[in-house]
Each structure stands twice: as C-alpha cells, then as structure tokens.
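Here's the structure we're looking at; comments come further down.
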Amino acid sequence: MKPQLLKVSTGPAHSFSARRDTVPYVNNRWHYHREIELIHFEKGRGTQFVGDSIRNFASGDVVLIGSNLPHYWSFDSNYFDPSSREEADIRVVHFNDDFWGTDFLDLPENTGIKQLLQTGKQGIAVSGPARQCVQRLLADLLGSEGPKRILLLMEALTAIAYSKDIQLLSSVGFNPHFQRGEKDRINNIYDFALKHFKQRIPLHEVAEVAGMSSNAFCRYFKSRTGKTFSQFLIEIRVGHACKLLIENNMNVKQICYESGFHNFAGFHKYFKQITGKSPLNYQRAYLTKP
C-alpha cells in the first residue's frame with residue numbers, strides 16, 4: 001500500500017515539532033513520515049489504523065508511532081457535522097531519532113529510550129500511569145521554549161520506556177510496500193469501508209473503488225495488509241460494536257445489526273475472536289473500570 005509521505009515542519013527556532021490541533025481532519029488520511037510521532041487525544045473519537053492494526057481511539061488515548069510506520073486517524077462522522085457539538089483537541093509531537101545528535105542515544109543512560117524508539121516501529125498504545133504522565137508533559141511542552149522542550153520530551157519518552165502498561169499495535173511482519181502509483185488507493189479503500197461497513201459490501205464494488213478486478217483486488221489487499229478484505233471489514237465492525245457497547249445506549253442485539261453483522265451467532269463469534277471477550281463481558285469490564 002502507498003500511504004502519503006508528509007513533510008513535518010519544525011520551524012527555525014525548534015529542533016522538533018510540537019503542536020495542538022483542534023480540527024478532526026489533520027491526520028484523516030493514510031500517511032507516514034520519517035519523524036517519530038507522539039500523540040495525545042485530549043478530545044476525539046474514531047477509528048485508528050496503525051500498520052495492520054485496526055482499533056478505536058478515544059479521548060485520553062496516547063500513542064507512539066515509529067518512523068515511516070503508516071497510520072490514519074479517522075474521526076467519527078459527527079465531528080464533521082456543522083451542527084454537532086463534538087470537538088477535537090489533539091496534542092502531537094514529531095521528532096527525528098537523531099535530532100539531539102547522532103551519538104546521543106548510544107549513551108548508556110539512554111538505553112531505555114533507544115529500545116523504545118526501536119519498538120515504536122510497530123506503534124505503541126500507552127495506558128496506566130504513563131499515559132497520565134505523558135498527557136501532562138505534552139500539555140507543558142506546548143507552552144515551553146528553550147531546553148525545557150527537550151527535557152519534557154525526554155521525560156515523556158522515559159515514562160513510556162519504563163512502563164509496563166503498553167501495547168504493541170502493528171504486527172512484526174507488517175510491510176508497508178511503498179510502491180509508486182498507489183498513493184490514494186488504500187485511502188480510498190479505507191474511506192469506502194468506513195462509509196459502508198454497516199451494509200453488505202459486494203466484492204466487485206470495493207474492487208471497483210481500487211480500480212481492479214475482483215480477483216486482482218483480493219490478491220492485492222492480502223499481499224499488502226496480511227489479511228483479507230473480509231477480515232478487515234470484520235475488525236471495523238467489531239470496533240464499532242465496542243464503541244456502541246461502551247456508550248451503553250442499545251442492547252446487544254441492536255448493536256449486532258447496527259455494526260453491520262447480519263446474524264447474532266456470527267457477531268458473537270467474531271467479537272470474542274478479536275477482543276477475547278463476549279460482548280456482554282466486554283461491556284461489563286469497561287463499565288466497572290474504576
């Protein structure tokens with residue numbers, strides 16, 4: 001797949017970029033960049049694609065994205081509705097792994113950070129005390145200048161590096177296959193799937209979006225993502241069901257059909273396969289969190 005290469009501007013007074021975004025479409029396409037990304041969603045909700053990982057993101061999430069790892073944050077549709085009161089608030093830092101000097105990470109004191117940046121090539125979701133720490137540090141970093149910016153970034157990375165509450169996102173074997181001429185294809189497929197996942201999607205329709213025959217599309221999608229389009233669609237549907245279970249406004253059978261599944265047995269099977277829990281147990285586990 002060919003994500004879009006983005007150029008990240010640092011400005012003449014800074015060695016790395018730190019910014020706050022309050023619009024939901026800044027990261028709303030399949031893209032990658034050389035810079036490592038540390039992002040905190042103060043406010044926001046949608047579907048997150050990191051490499052071959054698909055999951056929901058929500059307010060409070062903190063994610064580290066390694067160098068050249070394709071990713072895509074697709075905000076829920078109501079964020080684009082002019083009459084909606086939903087607001088996006090994102091704090092994001094981009095930095096090169098050598099911005100502090102080519103030998104800095106080789107210092108013995110920096111072994112943890114060096115290992116973290118290597119692991120981050122799969123993408124890392126941060127939770128627990130480290131997430132709260134990073135949230136606070138990124139907020140401070142946005143209002144800081146001079147050496148304090150570097151110290152705050154190092155403190156945030158150190159908190160993640162020594163945390164036990166992290167989850168790797170993309171699989172080790174994920175290969176982005178950067179090829180010429182495919183810049184928009186995967187983005188079009190993702191957009192189409194997110195718009196129509198509640199319906200039955202005939203293979204020829206999504207193949208047409210990709211500009212291919214059905215057989216060619218199946219080979220293409222599996223070779224680029226490591227999964228079939230059907231598996232991809234099921235993950236999106238289960239992710240949507242997770243969101244509805246957390247909101248707790250529908251019963252489980254309603255959620256099944258609202259998420260694009262057409263029989264309850266299949267919904268239950270795939271939900272447990274992906275999350276490790278039944279829909280009701282997933283909901284209970286979330287609602288009883290302290």
Side-chain angles (χ1 to χ4, degrees), residues 1-6 24-25 27-33 46-57 65 68-80 122-123 169-244 255-275:
M1 69 187 80
K2 176 65 174 177
Q4 184 175 356
L5 173 63
L6 293 188
Y25 46 78
N27 292 297
N28 211 42
R29 61 191 183 279
W30 184 240
H31 67 282
Y32 72 101
H33 34 71
T47 305
Q48 166 186 296
F49 301 85
V50 176
D52 56 2
S53 163
I54 307 169
R55 57 187 289 176
N56 294 326
F57 71 90
I65 302 292
N68 293 322
L69 176 63
H71 52 288
Y72 173 36
W73 319 100
S74 178
F75 279 77
D76 287 348
S77 58
N78 51 343
Y79 282 85
F80 302 92
Q122 290 178 248
L169 297 174
S170 185
S171 64
V172 175
F174 173 73
N175 187 342
H177 288 284
F178 300 150
Q179 295 180 7
R180 289 185 176 274
E182 293 185 295
K183 183 172 76 171
D184 298 320
R185 180 174 284 160
I186 200 69
N187 199 47
N188 292 339
I189 294 168
Y190 281 8
D191 282 343
F192 181 82
L194 287 166
K195 286 176 183 175
H196 301 287
F197 71 88
K198 295 181 184 181
Q199 310 156 16
R200 293 185 187 274
I201 300 180
L203 186 59
H204 70 86
E205 286 189 11
V206 68
E208 188 176 332
V209 169
M212 296 177 166
S213 69
S214 296
N215 288 338
F217 171 77
C218 289
R219 291 192 298 271
Y220 165 81
F221 196 83
K222 182 67 183 290
S223 69
R224 300 305 191 265
T225 68
K227 63 185 76 175
T228 66
F229 182 73
S230 294
Q231 290 171 320
F232 171 78
L233 207 53
I234 286 167
E235 290 180 22
I236 292 176
R237 288 169 173 163
V238 168
H240 186 70
C242 289
K243 192 186 312 177
L244 295 179
I255 288 171
C256 163
Y257 296 110
E258 180 65 21
S259 300
F261 291 95
H262 300 282
N263 70 80
F264 190 69
F267 167 61
H268 196 277
K269 170 189 169 184
Y270 290 123
F271 192 96
K272 192 166 185 180
Q273 193 177 85
I274 290 172
T275 68

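Residue indices begin at 1 and follow the sequence shown.
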Nearest heavy atoms of [X] and [Y], plus distance in Å:
X      : Y      : result
Ile234 : Phe261 : O-CZ, 4.2 Å
Ser214 : Leu203 : CB-CD2, 3.9 Å
Asn188 : Val209 : O-CG1, 3.7 Å
Phe229 : Ile201 : CE2-CG2, 4.3 Å
Tyr32  : His71  : CA-CE1, 4.3 Å
Ala193 : Phe232 : CB-CE2, 3.6 Å

Just checking [X]: does its [atom1] atom have more than 12 heavy atoms from other residues, nucleotides or ligands closer to it than 6.0 angstrom?
X      : atom1 : result
Lys198 : NZ    : yes
Tyr270 : OH    : no
Lys227 : NZ    : yes

Please round to the nearest 0.5 Å and tell me the distance separating atom [atom1] of [X] and atom [atom2] of [Y].
X      : Y      : atom1 : atom2 : value
Phe271 : Ser259 : CZ    : OG    : 8.5 Å
Gln199 : Leu233 : CD    : CG    : 10.5 Å
Ile54  : Tyr190 : CD1   : OH    : 6.0 Å
Ile65  : Gln48  : CD1   : CD    : 6.5 Å
Leu69  : His33  : CG    : NE2   : 9.0 Å
Gln231 : Gln273 : CD    : CD    : 8.5 Å

Output field: ring centroids Tyr257/Phe264 closer than 6.0 Å:
no

Ignoring hydrogens and angles, tell me if any N or O in the side chain of Glu205 forms a donor-acceptor pair with the backbone of Pro202 under 3.5 Å.
no

Closer than 3.5 angstrom, by distance alone: can the side chain of Gln122 be matched with the main-chain N or O of Ser170 as a donor-acceptor pair?
yes

Please walk me through it: do Leu194 and Tyr72 pass side-chain contact (heavy atoms from CB on, under 4.5 Å)?
CA-CA 12 Å; Leu194 287 166; Tyr72 173 36; 4.1 Å; yes

Show the numbers, then the answer: is there a side-chain contact (heavy atoms from CB on, under 4.5 Å) between Leu169 and Arg55?
CA-CA 9 Å; Leu169 297 174; Arg55 57 187 289 176; 3.1 Å; yes

Test side-chain contact (heavy atoms from CB on, under 4.5 Å) on Ile189 and Phe217 and set out the steps.
CA-CA 11 Å; Ile189 294 168; Phe217 171 77; 3.6 Å; yes

Can you classify the ring geometry of Tyr79 versus Phe75 as parallel (below 30°), tilted (30 to 60°) or perpendicular (above 60°)?
perpendicular

